[in-house]
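What follows is one structure encoded as structure tokens, with my remarks underneath.
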Amino acid sequence: MPNSLTIHRLIERLNSGDVTSRQATEACLNRIQSIDRELNAFIGFDSEEALTQADVADKTRANGGEGALLGVPIAIKDAIAVKDHPLNCASKILGDFVSPYDATVIRKLRNAGAIVFGRVNMDEFAMGSSTENSSHGPSRNPWNIKHIPGGSSGGSAVAVAADECVASLGSDTGGSIRQPAALCGCVGLKPTYGRVSRYGLVAFASSLDQIGPLTKDVRDSATMLQVIAGVDDRDSTSVSEAVPDYSSNLTGDVKGLRIGLPREYQVDGLDSEVKDSVNSAVECLAERGAEIIEISLPHTEYAIATYYIIATAEASANLARFEGVRYGARVNGSDPQEMNSKTRGIGFGEEVKRRIILGTYVLSSGYYDAYYLRAQKVRTLIREDYLKAFEEVDLIASPTTPTPAFKIGEKVDDPLQMYLSDIFTISCNLAGLCGISIPCGFSKHGLPIGLQLQGRPFGEPDLLRCAHTYEQATDWRNKKPKLD
Ligand code: GLN
């Protein structure tokens with residue numbers, strides 16, 4: 001079925017006239033209809049509009065038009081603005097807000113010919129690691145629906161892994177693309193901070209957020225990045241560094257590539273199956289000529305605390321704009337202040353409130369120096385650890401997550417346990433690096449395991465080349481969850 005194809009295979013078949021974009025889009029819609037009641041990946045889509053876009057793509061192709069994603073159905077995380085579609089961040093506070101404009105990434109997808117269809121589920125305002133903090137209820141892991149799919153871009157990962165779309169966009173502030181990709185068995189790429197415009201992404205922690213693709217293989221990840229990367233005058237933090245040709249770099253050759261293994265990543269709580277799978281993946285790369293070097297990232301133990309101070313501080317400021325006046329929902333009160341506090345009290349979920357309170361606290365006078373300023377200093381030390389390591393190595397390998405997907409409900413009442421599951425993904429954002437998660441095995445219970453590779457700023461070409469080499473040496477990507 002065309003919905004289960006990668007972007008590059010689908011493009012081949014569209015070009016040969018084997019299949020039309022309408023058929024591919026219908027196949028995705030049918031798939032959603034048959035399995036999404038169980039998986040809860042999609043929170044909204046407009047079938048008619050999707051099919052209209054597909055017809056336009058088919059016509060363009062018939063007239064000799066081209067595009068890297070011409071006719072390919074892509075699902076979008078509910079944190080990215082799509083013109084004339086609801087934008088809710090899986091939160092009640094946005095009410096019936098409809099986006100008046102397209103995010104830059106959406107504009108770029110459209111220019112490349114993509115079918116922008118369907119909004120997918122997430123943790124409210126991207127705060128979470130399991131998609132359980134969604135006002136739409138949790139999404140479910142397609143490999144075992146009793147388990148979480150990861151988060152916060154859980155819907156994006158489920159939709160790709162379960163073939164409800166061909167590829168999707170997510171956002172990653174502390175692991176939200178890589179972690180669900182790992183837990184659902186697909187490929188998730190967090191680009192270097194500044195590589196992709198954040199214009200039109202609802203801000204969680206602006207110094208950490210990046211948009212990136214979730215795909216069925218590494219070549220697709222390169223294609224998607226090619227389309228969405230680049231400087232944007234609407235996002236002053238986007239960087240004008242030239243965008244290389246990512247796909248032409250997928251040579252299958254890692255000879256001489258130096259891969260670091262951080263000593264500090266042997267943490268308590270690292271599952272033995274995850275550890276074994278990642279070790280085998282590293283061996284596989286060594287057999288293909290990569291050089292494996294032990295490195296040290298001495299400030300790793302402070303990463304989670306640092307992240308949860310900086311991210312919550314930024315979130316408390318960013319979320320101040322949802323006050324019942326400018327966007328979405330309003331609960332009336334006898335004066336503006338009561339209206340404001342009632343709206344926020346009812347509109348935000350528990351986890352979001354917890355973070356706003358934490359963030360406000362670490363920024364408050366008297367505590368600012370002790371928490372926020374200190375965290376910023378430690379952030380610099382974490383970045384320096386990496387930059388030093390990157391003098392010796394080209395990439396850093398590790399597990400993406402300490403365990404395979406946990407059960408729905410297992411950690412909801414224990415936020416600290418939930419935060420600890422982000423140990424391997426968070427530093428990448430704090431240091432502004434690029435990172436990718438690719439499938440590297442399964443637990444004995446049949447749940448996917450992810451290998452994470454991290455690269456230096458703008459090191460996506462090496463990152464993708466290494467990920468692709470490993471992927472092609474194994475056949476994890478051909479395994480599909482049984483859902484029918
Ligand atoms: N799990 C992390 C958090 O809850 C990361 C989320 C993200 O990357 N958006 O903040």
Side-chain angles (χ1 to χ4, degrees), residues 77-80 89-91 120-134 138-139 148-157 168-184 188-193 196 198 201-214 303-316 318-319 348-359 362 375 379 400-403 405-406 410-412 414-437 450 452 454:
K77 184 177 184 175
D78 190 27
I80 301 174
C89 273
S91 179
V120 276
N121 202 11
M122 58 185 281
D123 285 297
E124 184 179 4
F125 286 106
M127 297 175 188
S129 313
S130 66
T131 321
E132 288 165 292
N133 303 332
S134 163
S139 297
I148 57 111
S152 65
S153 312
S156 308
S168 65
L169 283 184
S171 65
D172 191 313
T173 306
S176 279
I177 291 173
R178 290 159 287 153
Q179 187 255 21
L183 301 185
C184 289
L189 171 70
K190 184 203 93 71
T192 303
Y193 187 77
V196 175
R198 293 181 295 114
L201 168 69
V202 179
F204 162 10
S206 312
S207 76
L208 302 162
D209 300 340
Q210 269 295 284
I211 296 173
L214 290 99
I304 291 185
T306 305
Y307 170 85
Y308 277 95
I309 290 173
I310 292 175
T312 56
E314 292 186 22
S316 72
N318 276 326
L319 271 53
F348 287 133
E350 289 245 311
E351 180 61 25
V352 174
K353 282 186 206 161
R354 180 179 298 122
R355 302 221 186 176
I356 292 173
I357 292 168
L358 251 168
V362 300
R379 179 178 187 175
T400 310
T401 60
T403 64
F406 45 90
E410 199 178 313
K411 297 190 184 180
V412 218
D414 192 345
L416 199 57
Q417 277 308 313
M418 191 75 95
Y419 300 167
L420 289 173
S421 68
D422 298 333
I423 175 74
F424 297 127
T425 48
I426 268 172
S427 306
C428 182
N429 303 69
L430 288 171
L433 314 172
C434 55
I436 194 167
S437 179
Q452 175 177 248
Q454 297 178 78

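Being a predicted model, the structure only gives us computed values, none of them experimental. Just follow the structure's listing: the first ligand is 1, and inside any ligand the first atom is 1.
Although no hydrogens or angles enter the test, the distance criterion places a donor-acceptor pair under 3.5 Å between the side chain of D78 and the main chain of C89. Judged by distance alone, with hydrogens and angles left aside, the side-chain atoms of S156 form a donor-acceptor pair with the main-chain N or O of L169 at under 3.5 Å. Between the side chain of E314 and the backbone N or O of S207, at least one donor-acceptor pair lies under 3.5 Å.
From the protein, the heavy atom lying nearest to atom 3 (C) of ligand 1 is Y308 OH, 3.3 Å. Looking at atom 6 (C) of ligand 1, its nearest protein heavy atom turns out to be S176 OG, 2.8 Å. Ranking protein heavy atoms by distance to atom 5 (C) of ligand 1, first place goes to Y307 OH, 3.3 Å. The shortest contact between atom 2 (C) of ligand 1 and any protein heavy atom is with D422 OD2, 3.2 Å.
The residue from L183, T400, L189, L214 that alone fulfils the side chain to side chain contact (heavy atoms under 4.5 Å, CB included) condition with R178 is T400.
Listed by number with element, the atoms of ligand 1 under 4.0 angstrom from any heavy atom of S152 are 9 (N).
In R355, the part holding a heavy atom less than 4.0 Å from any atom of ligand 1 is the side chain.
Of the polar atoms of G174, at least one N or O is found under 3.5 Å from an N or O of ligand 1, judged by distance alone. Of the N or O atoms in F204, none lie within a sub-3.5 Å distance of an N or O in ligand 1. Residue contacts with ligand 1: S171 is placed with no nitrogen or oxygen under 3.5 Å of a nitrogen or oxygen of the ligand (distance criterion only). Residue contacts with ligand 1: M127 is placed with no nitrogen or oxygen under 3.5 Å of a nitrogen or oxygen of the ligand (distance criterion only).
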Does the pair V352 and N133 meet the rule for a side chain to side chain contact (heavy atoms under 4.5 Å, CB included), with working shown?
CA-CA 9 Å; V352 174; N133 303 332; over 6 Å; no

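Under the 30°/60° scheme for interplanar angles, the aromatic rings of Y307 and F204 are found to stand perpendicular.
Under 4.0 Å is where a charged nitrogen must lie from a carboxylate oxygen, and between E351 and R354 at least one such pair does.
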